[in-house]
Amino acid sequence: MVRYMTEIYGNPSSVHAFGRMARKGVEEARESVAALIGASPGEIIFTSGGTEADNLAIKGIAESLSHKGKHIVTSKVEHHAVLHTCEYLEKKGFSVTYLPVDKYGSVSASDVEAALRDDTILVSVMMANNEVGTIQPIAEIVQVAKSRGVLVHTDAVQAVGAVRIDVEELGVDLLSLSGHKIYGPKGVGALYVRKGVKILPVAHGGGHERGKRAGTENVPGIVGLGKAAELAKEEMDSSSEKIKHLRDKLIEGILSRIEHSRLNGHPTNRLPNNVNVSIEYVEGEAMLLSLDQQGVAASSGSACTSGSLEPSHVLTAMGLSHEVAHGSLRMTLGRQNTEEDVDYVLSVLPPIVERLRNMSPLGKRG
Amino acid sequence: MLHYLDNSATTRLLPEVSEAMCRTLNETFGNPSSLHPLGVSARALIEEARVKIASALSVNAQEVVFTSGGTESNNMAIFGVATLYAKRGRHIVTSAIEHPSVLEPLSRLASEGFEVDYVLPLRDGSVPADEVLNRIRKDTVLVTMMHVNNEVGSILPVDVVGRGLSDFLPRPVFHVDAVQSFGKYRIKPQEFGIDLLSASAHKIHGPKGTGFLYVRSGLEIPPYIRGGGQERGLRSGTENVHGIVGMAQAVSALGKWDFWGSVKPLRRKIEEGVMRIPGCSIIGPKQEGLYAPHILSLRIEGVRGEVLVRFLGAEGVCVSSGSACHTHRGGPSPVLSALGLKPKEAEEVIRVSLSIDNDESDADAFLSSLEKAVWRLRRVFRG
C-alpha cells in the first residue's frame, strides 16, 4: 500500500506511465481477489467496502430485474447493509420475505424454497453471521434457488479469508467481501458478479469498473486488499486451525467456569474465529466496560450497532429473550491472538461476572 | 526523472499525509464504531478530521459527510435532492461542461422523467451566471454546477449563482462540484449560498478513495448507502479511517503552501513557451479571474492528443488528453464539443495540470519535449 501511496500515485485511467503502473497494480489485485474465491478477474468489481458491495448487489439486481419481478428473499439475521437496503426497496414497491432462523441462527434451504414465488428475482443470505458466527447452508440454498431460476447473493464479509470459498462450487451469482475483515485496509471491498449476470450501477460517471462503479479507483486500498487476499489464500488453512483451537478453548473455558452461560450460534458449523456467549444476570455493556479496564477489547454485538440500546436483531431472531440477549458478549479472534490472550480472558472474565452479579439487581444471588 | 504535470487527474501524497496515514493504518486500526479503546481512538481521529475540514469551509463539523470520493459525493447529492423533492418539481439546471459523475446521474434522472436544462458555455468555455439564473422555473428543484472545470479550467460563477438563487421562491437546492477547486480557492458555502458541495482528497495531495459532501444542516437528503448508519445514516459502511485522516492532513498541509504563488509563474512560462510553437493555442477562458491557472488546455494542430501524450510519456513527461475519466469511453470530450470544437479538433487537445510539486524544471522539460514532439509527429503525419 505504501508504495502505491508514495511512488505509484498515478490515476489508473491516465494513459501515461504513472497511470499505467497504477492500473497494473489494480489489475493484479483483481486477480488475487478472484483467485481467493475461485472467480475470474473480470467478475470482480472493487467498491469502497462490504456495505457498498451489499448495496450494489441488491439494488443493482433489483433495478436490472424489476421487469421480471419485485420479490426478494432474505433472512432476519442479515447485516444491516442488506436489511436496510431491502427495507428501502420495500418503500420503492418491492416485496421482501425475511426468513426466520432456528435457535442456532441457521436459515433452512426448505424455508427458502417455500418462500420462492414466480416473481422472486433474488435470494440474499449471508455466508456467515457477523454476530454469532453461524455458517449458512449457501450451497443448498443455491440449489433450491437455481432450480427456480432465481439469482443468489451472499454477504461473505465475515466468511472470506476465514473459510474456503469457491464461487463455482457454491454456485452463487453475487458475493460481497471487505478488505478490513481480512487484515487488509478499511475503505475497500469487492463484489463478485458472475459473468453474464447484469446489474445496474449505483454510482454513475466515468465508466470505471466496467461501468458498474464509477469513481477513481482507491489504488493503495485495492492493492492492499489484493495482498491481503493473497496472504489469506496462503495462510488460511494453517491460521484457521490455530484460531479454531483458541476459539474452542475460549468457549469451553467460559461455559465451564461461568454458571448460567450459554453459547450463541451453531456449536460446530460456525466461523473459526467467532465466540458469542450469553451470560445471564449481567449486562453485556457492564461486562465490556470491565473487560475494557482489564485491557480486553471485545463487543456485545456487531460494531455497527454498538452504542444502541436495542437488543441484537440476530439474537432476537434466534429466540433469545431481551434479558439474555443483553448479556451477550462477542469475542472475535484473529491471527495475532495467542493462547495467552485466551488464558488471560479466562482468568479475568469469571471474577468480573461474579462481581457484576453480586452488584446487580438482576443478580440471581442478589 | 518523471515530470508529473497531470495533477488534475490525481496528485502525489504530501509526505506528512502519507506519514499520518501509515500511522493510522498501523496503530489505530480499530473500527470507529467499537466501544473499546481501539475503536474510541479511531473515532476520535475521524471527528478531529471532520473539524479540520469543516473549519476550512467555515461550516459546522456535522455538515461534513465523508464519502469514498468525489464521484460518490456528486451521485449522493444529485440523487439525494431528486428523491427528496421529486414531488415538488422535476426540473434541474446544470452546465454542459460538468464532470461525468454529474452528467451521468442527470441523464439517469432524465430517463426517469426529470427535465434537465444544460447551459452551454460561451465559445471560450466560461459560463455566465445570468445564463444559469435565467433558466430557473417554479419547478426547478436543483441547480448543480462545478466550480472549476477539470478539462479547460473555467471558473464558474458559483458565488453569483448561489446568491442569485435567493431571489427565487421556492429556492432550488444548489450543489457545487468543487473537486478541482477545494483546497485551492476560498469557498464559503454559507456566504455563497451553497447547500451541497463535493470534494475529493486525491486532487489535493490526499489519498484516493476518500472525499466528502458538505450537506447544509436542515437539508434532509436521504441515505445514499444503507447499513450500519455511519455518517449520520447518510453513508453507511465502516469509515475509511486512514483515508479520512489523510484528507484532513492534506487540507492542513496545503494551507501552509502558497499554491498560486508557485503555480501561476509556471503557467505563465508554459503559456509563453507554447505560443512560440506554430499551431498551438490555448483552449478555455483567457480573461483573468475566469480561468484557474493550474489547468491549462492546449490544442496542437495536426497532432493527435493521444499520440502526443504517449510521446511525451516516453520522454518522461506526464500530461493527459482530455480528462482521465474519459479514457474509458473514447470519443471526443463532451466538454470540448460544448466549447464548439469539432471532433477532429477536440482530438488535438492535451491538458497540463499543475500543483505545488512542480517547478521550473517540469515546465522546461514539458516545453522542450513538446517542441520535439510537434516537430517529429507533424512530419510523420504529413508523410
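Worth knowing before you read on, the calculation uses all heavy atoms, side chains too, and leaves out hydrogens, waters and symmetry mates. Only a predicted model underlies this, so the values are computations on that prediction, with no experimental measurement involved. A note on names: the letters A, B, ... follow the listed sequences, proteins ahead of strands, and every chain is numbered from 1.
- If you measure heavy-atom distances from A:Ala22 to chain B, you find no contacts under 4.5 Å at all.
- Taking the six-membered ring for Trp and the full ring otherwise, A:Phe94 and A:Tyr88 have centroids separated by 6.0 Å or more.
- For the set A:Val296, A:Val202, A:Val2, the entry with the most heavy-atom pairs within less than 4.5 Å of chain B is A:Val202.
- Between B:Leu106 and B:Thr144, the shortest heavy-atom contact is CD1-CG2, 4.0 Å.
- For A:Tyr9 and A:Tyr4, the gap between ring centers reaches or exceeds 6.0 Å.
- There is no contact between A:Arg210 and chain B, counting heavy-atom distances below 4.5 Å.
- Counting non-hydrogen atoms of neighbouring residues, nucleotides and ligands closer than 6.0 angstrom, the CZ atom of B:Arg232 exceeds 12 such neighbours.
- Between chain A and the options B:Leu38, B:Val319, B:Ile244, heavy-atom pairs under 4.5 Å are most frequent for B:Val319.
- When the candidates A:Gly215, A:Gly211, A:Ser178 are compared by the number of heavy-atom contacts under 4.5 Å with chain B, A:Gly215 comes out ahead.
- Neither the backbone nor the side chain of B:Pro207 comes within contact range of chain A; no heavy atom of the residue lies under 4.5 Å from a heavy atom of that chain.
- Neither the backbone nor the side chain of B:Leu14 has a heavy atom closer than 4.5 Å to any heavy atom of chain A.
- When A:Glu52, A:His204, A:Glu7 are compared by the number of non-hydrogen pairs under 4.5 Å with chain B, A:His204 comes out ahead.
- Checking side-chain atoms of B:Ser34 against main-chain N and O of B:His36 turns up no donor-acceptor pair under 3.5 Å.
- For a residue to count as touching a neighbouring chain, one of its non-hydrogen atoms must lie under 4.5 Å from one of that chain's; by this rule B:Val241 touches chain A with backbone and side chain alike.
- Proximity to chain B (any heavy atom under 4.5 Å) is restricted, for A:Asn55, to the side chain, taken from C-beta onward.
- Only the side chain of B:Arg108 comes within less than 4.5 Å of a heavy atom of chain A; its backbone N, CA, C and O stay farther away.
- For chain A, the option among B:Pro32, B:Ser107, B:Ser236, B:Gly69 with the highest count of heavy-atom pairs below 4.5 Å is B:Ser236.
- One finds no salt bridge joining A:Glu87 and A:Lys92 here, because no Lys/Arg side-chain nitrogen approaches an Asp/Glu carboxylate oxygen to under 4.0 Å.
- A perpendicular orientation is assigned to the rings of A:Phe18 and A:His16, their planes being inclined by more than 60° (bins at 30° and 60°).
- Residue contact with chain A, scored on non-hydrogen atoms closer than 4.5 Å, involves the side chain of B:Asn75 exclusively.
- Figure legend: B:Arg235 and B:Tyr224 shown without cation-pi pairing, the cationic atom not lying both under 6.0 angstrom from the six-membered ring centre and within 45 degrees of its axis.
- Rounded to the nearest 0.5 angstrom, A:His79 NE2 and A:Glu131 CD are separated by 8.5 Å.
- Using a 4.5 Å cut-off between heavy atoms, B:Leu25 contacts chain A through its side chain alone, with no backbone atom that close.
- With a 4.5 angstrom heavy-atom cutoff, B:Glu239 touches chain A only via backbone atoms.
- For the residue pair B:Leu308 and B:Ala373, the shortest heavy atom distance occurs at CD1-CB, 3.4 Å.
- No other option in B:Pro37, B:Ser200, B:Cys22 has as many heavy-atom pairs under 4.5 Å with chain A as B:Pro37.
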Derivation of the salt bridge (charged side-chain N to carboxylate O under 4.0 Å, His left out) call for A:Glu217 and A:Arg30: CA-CA 12 Å; A:Glu217 297 86 343; A:Arg30 204 185 301 280; 5.7 Å; no
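- Contact tally against chain A (heavy-atom pairs below 4.5 Å) for B:Ala314, B:Ser101, B:Gly313: the top residue is B:Ser101.
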